[in-house]
Q: 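So that we are looking at the same thing, I have put the structure below in structure tokens.
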Amino acid sequence: MAVSFEYVAKETVTNLWRNRMMTLAAVLTVAVSLSLVGTALLLRQAVNRQIGQWSNNVSLQIFLDAGASQPQVASVRSMIDQTPQITRCTYLDHAQSYAQAKQVLAGSPTAIAALTPATTPTVFKCQLTSPGDAATVAATFNSGVPGVYRATSPSQSIRVMQQVTNVLQLILLVIAIVLLVSSLVLILNAIRMAIFARRREVGVMKLVGATNWFIRVPFMLEGLVQGVLGALAAVVIVLLSNVGVSYLIRHYKVSVLGSAVLPPHDLVVTELVVVLIGVIVGVAGSSVAVRRFLDV
Amino acid sequence: MIRFDNVTKSYKNLRPALDDISLEIQKGEFVFLVGSSGSGKTTFLKLLLREEVPDAGTVWVAGRDIGELSQWRVPYLRRNLGCIFQDFRLLPNKTVTENVAFALEVIGRPRTVVRTQVAQVLDLVGLGEKGDRMPHELSGGEQQRVAVARAFVNRPLVLLADEPTGNLDPATTQGIMKLLDRINRTGTTVVMATHDVGIVDTMRRRVIQLDQGRLVRDQARGVYGFGDDMTVSSRGVPAVPVAGAGGGRAYDMAGQPESGRVAAVRARRGVR
């Protein structure tokens with residue numbers, strides 16, 4: 001027997017409206033939790049892309065003393081040439097280094113003001129055959145080579161940054177999961193109230209021989225609609241926040257974060273995942289409610 | 001149409017609600033199910049609807065062992081069984097027409113069929129003019145007619161009635177009984193559980209009496225008779241105990257042959 005589409009649609013809308021406060025609570029909770037899920041997913045992708053970008057360009061920076069003499073620079077250069085792990089190096093003199101510092105420190109004008117081209121250390125930016133060697137190579141240059149102020153491997157700072165974002169992501173996901181569980185419970189409760197409100201109808205339906213699925217489907221669909229509505233709200237929230245972050249990055253020309261602006265493809269995939277989770281939460285909540293409270 | 005073979009059903013921690021019941025009801029019969037409260041009448045009806053399953057024995061409806069039905073087929077069994085109750089069980093937020101139509105809509109009947117069948121059955125129960133009323137605007141008798149219309153609109157093979165006149169005054173009761181009689185004449189089997197001595201005695205149909213879950217009387221063209229709490233039938237007709245049957249509880253009207261079926265049942269159970 002085909003369940004009439006018209007009947008099911010009518011029943012579902014009536015139920016949602018009759019139960020609108022519970023529906024609102026369930027939809028909002030789904031929306032908030034899925035926004036967090038979406039944000040966490042986007043954050044992870046952005047950080048991964050940005051880190052990939054950085055590690056491709058530079059694995060090691062050797063800062064020289066601001067007052068390093070020409071022979072000292074030359075000896076460091078020859079030392080670099082003799083290090084097999086280093087594939088390529090570019091040297092930034094005072095003026096170039098100052099220009100880069102201004103860009104990196106765009107956010108803090110006071111720090112820029114404290115710098116002059118002459119006081120900005122010159123720097124060798126080097127690429128390594130494998131980023132894993134960065135720590136050992138950096139250690140060689142830090143072992144008292146004259147003229148070297150400090151050799152840093154960005155991969156160390158990247159690792160720190162990765163750990164920070166991992167922790168951040170974990171926190172976001174834990175909050176999101178707690179909220180997802182509570183939205184599941186809210187949907188379950190909303191469906192349970194809908195079942196209770198319609199117990200007379202359900203009784204008559206059972207009596208006159210409506211099939212179990214015919215009785216169940218409107219309630220299941222109600223949960224599904226709540227899940228999907230919440231997910232759609234979350235999609236909008238995530239899209240807006242992504243647009244906002246991209247705008248900030250472009251507007252302030254934070255070029256080091258340029259790769260954190262995600263391409264449309266990644267966004268679409270993330271949003272699909274968010275909608276899918278919404279569907280799952282809605283169907284799961286209403287299935288449990290139907291199974292436990294609808295005695296058919 | 002309906003057959004019980006040695007059916008026993010108990011609920012938790014109680015004596016059996018039905019104890020080794022065997023009987024058969026033919027197509028087109030009108031049967032009164034009598035007995036005091038707790039005698040098992042409602043359990044009898046619930047077993048027919050498969051709201052309950054027997055602990056032992058077999059219940060047959062329309063040639064099918066309904067204990068064998070898988071869960072998803074139970075709705076299809078119920079489409080063959082119309083049901084009415086003492087409390088009507090109408091949906092208060094739907095009109096008369098909508099209440100009756102609901103029974104067809106939820107089993108997926110097309111809209112044109114619903115419209116014609118509902119109009120027909122409302123005429124049959126005498127409510128053709130009141131289709132747009134809400135249940136609370138109707139009298140008790142009219143509400144029960146709506147319930148009958150809803151139970152009968154799908155033309156079930158059997159109409160089950162659980163004390164349908166329990167809430168009605170005698171005059172209204174008569175109207176409902178006439179209606180059930182008319183439905184019975186269309187070939188529909190009617191099984192009615194009742195406490196109403198008057199209607200059982202007037203209608204003179206087959207009477208099945210239960211007492212504490214046991215079948216104590218099965219009598220064609222019977223009267224309400226007397227249970228343990230009654231000493232004379234309401235019409236004052238002297239009743240004569242059937243010798244040795246059912247521990248002295250079974251009675252038969254003077255001059256009326258005992259139902260052949262109950263004799264067969266006794267034979268099966270080895271009661272002499």
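Only a predicted model underlies this, so the values are computations on that prediction, with no experimental measurement involved. Protein chains get the first letters and strands the later ones, always in sequence-line order, with residue 1 at the start of each. What's counted below: heavy atoms across the whole structure, side chains too, no hydrogens, waters or symmetry copies.
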Q: Atom CZ of B:Arg79 and atom OG1 of A:Thr211: how far apart are they, to the nearest 0.5 Å?
A: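 Between atom CZ of B:Arg79 and atom OG1 of A:Thr211 there are 6.0 Å.
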Q: To the nearest 0.5 angstrom, please state how far the CZ atom of B:Arg78 sits from the CE atom of A:Met205.
A: 13.0 Å
Q: Given heavy-atom pairs under 4.5 angstrom as the criterion, report whether the side chain, backbone, both or neither of B:Arg111 touches chain A.
A: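 Contact with chain A involves the side chain of B:Arg111 alone.
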Q: What's the spacing between A:Glu201 CD and B:Asn93 CG if we round to 0.5 Å?
A: 5.5 Å
Q: Please say whether more than 12 non-hydrogen atoms of neighbouring residues, nucleotides or ligands are located less than 6.0 Å from CZ in B:Arg64.
A: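 Open.
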Q: Where does B:Pro92 contact chain A at under 4.5 Å (heavy atoms): side chain, backbone, both or neither?
A: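 Side chain of B:Pro92 only, per the 4.5 Å heavy-atom cut-off to chain A.
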Q: Closest approach of B:Leu90 and A:Arg200, non-hydrogen atoms and distance?
A: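 For B:Leu90 and A:Arg200, the tightest heavy-atom pair comes out as O-NH1, 3.8 Å.
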Q: Any chance CZ of A:Arg198 has more than 12 other-residue heavy atoms, nucleotides or ligands included, within less than 6.0 Å?
A: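 Buried by this count: over 12 neighbours within 6.0 Å.
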Q: If you draw a 6.0 Å radius around NE2 in A:His265, do more than 12 non-hydrogen atoms from other residues or ligands fall strictly inside?
A: no
Q: Look up atom CG in A:Leu207 and atom CG in B:Leu81, then write down how far apart they are to the nearest 0.5 Å.
A: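 A:Leu207 atom CG to B:Leu81 atom CG measures 9.5 Å (nearest 0.5 Å).
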Q: What heavy-atom pair brings B:Val106 and A:Val208 nearest, and what distance separates the two atoms?
A: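 Residues B:Val106 and A:Val208, closest heavy atoms: CG2-CG2, 3.6 Å.
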Q: Return the minimal non-hydrogen interatomic distance between A:Ala210 and B:Pro75, and the atom names on each side.
A: O-CB, 3.6 Å
Q: Answer yes or no: does atom CZ of A:Arg199 have more than 12 heavy-atom neighbours from other residues, nucleotides or ligands under 6.0 Å?
A: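 Count over threshold, so yes.
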Q: Does B:Met1 have more than 12 heavy atoms from other residues, nucleotides or ligands lying within 6.0 Å of its CE?
A: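 Count over threshold, so yes.
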